Amino acid sequence: MRFNEINLFGLYVAPITVIMAVAWVIYVVVRRVGDRFGLTQRVWHPALFELAVYVMIVSSIVIVIARWSR
């Protein structure tokens with residue numbers, strides 16, 4: 001598994017930055033779907049739940065990229 005810097009318009013950025021940005025877009029979609037079905041009202045601590053969902057999305061993307069780059 002090897003993560004190299006990404007050239008983004010002439011600026012080298014760490015791959016985790018791009019992964020976190022992609023995860024944020026996915027998180028926004030998941031959150032809107034969850035809000036539509038009232039999921040946030042059913043959890044004990046909405047902020048912790050949303051943080052946990054974001055961390056799960058980021059880690060899932062990292063695992064998929066690591067497996068894909070073998």
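Keep in mind the model is a prediction, meaning the values are calculated, not measured.
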- Task: Could I get the full list of side chain to side chain contact (heavy atoms under 4.5 Å, CB included) partners for V43, not counting sequence neighbours?
- Result: P46, F49
- Item | Distance, nearest 0.5 Å, that separates OG of S59 from CD1 of I19 | 10.5 Å
- Query: Does I61 belong to the same Ile/Leu/Val/Met/Phe/Trp/Tyr cluster as V64, with side-chain heavy atoms less than 4.5 Å apart forming each link?
  - Reply: no
- Results of side chain to side chain donor-acceptor pair (under 3.5 Å) for Y27 - residues two or more places apart only: E50
- In the hydrophobic cluster built from side-chain contacts under 4.5 Å, what are the other members alongside V33? F37
- Message: According to side chain to side chain contact (heavy atoms under 4.5 Å, CB included), who are the partners of L51, at least two apart in sequence or on a separate chain?
- Response: V55
- What pairs meet the salt bridge (charged side-chain N to carboxylate O under 4.0 Å, His left out) rule with one or both residues in residues 17-26, with sequence neighbours excluded? none
- Out of curiosity, I6 CD1 to I16 CD1, how far, rounded to the nearest 0.5 Å? 10.0 Å
- Task: Please list all pairs passing the salt bridge (charged side-chain N to carboxylate O under 4.0 Å, His left out) test where one or both residues lie in residues 13-28, with sequence neighbours left out.
- Result: none
- Item | side chain to side chain donor-acceptor pair (under 3.5 Å) pairs, two or more places apart, involving residues 10-26 | none
- Task: Hey, could you give me each pair passing side chain to side chain donor-acceptor pair (under 3.5 Å) that has a residue in residues 35-46? Not counting sequence neighbours.
- Result: D35-T40
- Output the rest of the hydrophobic cluster of V25: all Ile, Leu, Val, Met, Phe, Trp and Tyr residues reachable through side-chain heavy-atom contacts under 4.5 Å, sorted by chain and number. none
- Task: Output all residues satisfying side chain to side chain contact (heavy atoms under 4.5 Å, CB included) with I63, sequence neighbours left out; order by chain, then residue number.
- Result: R67
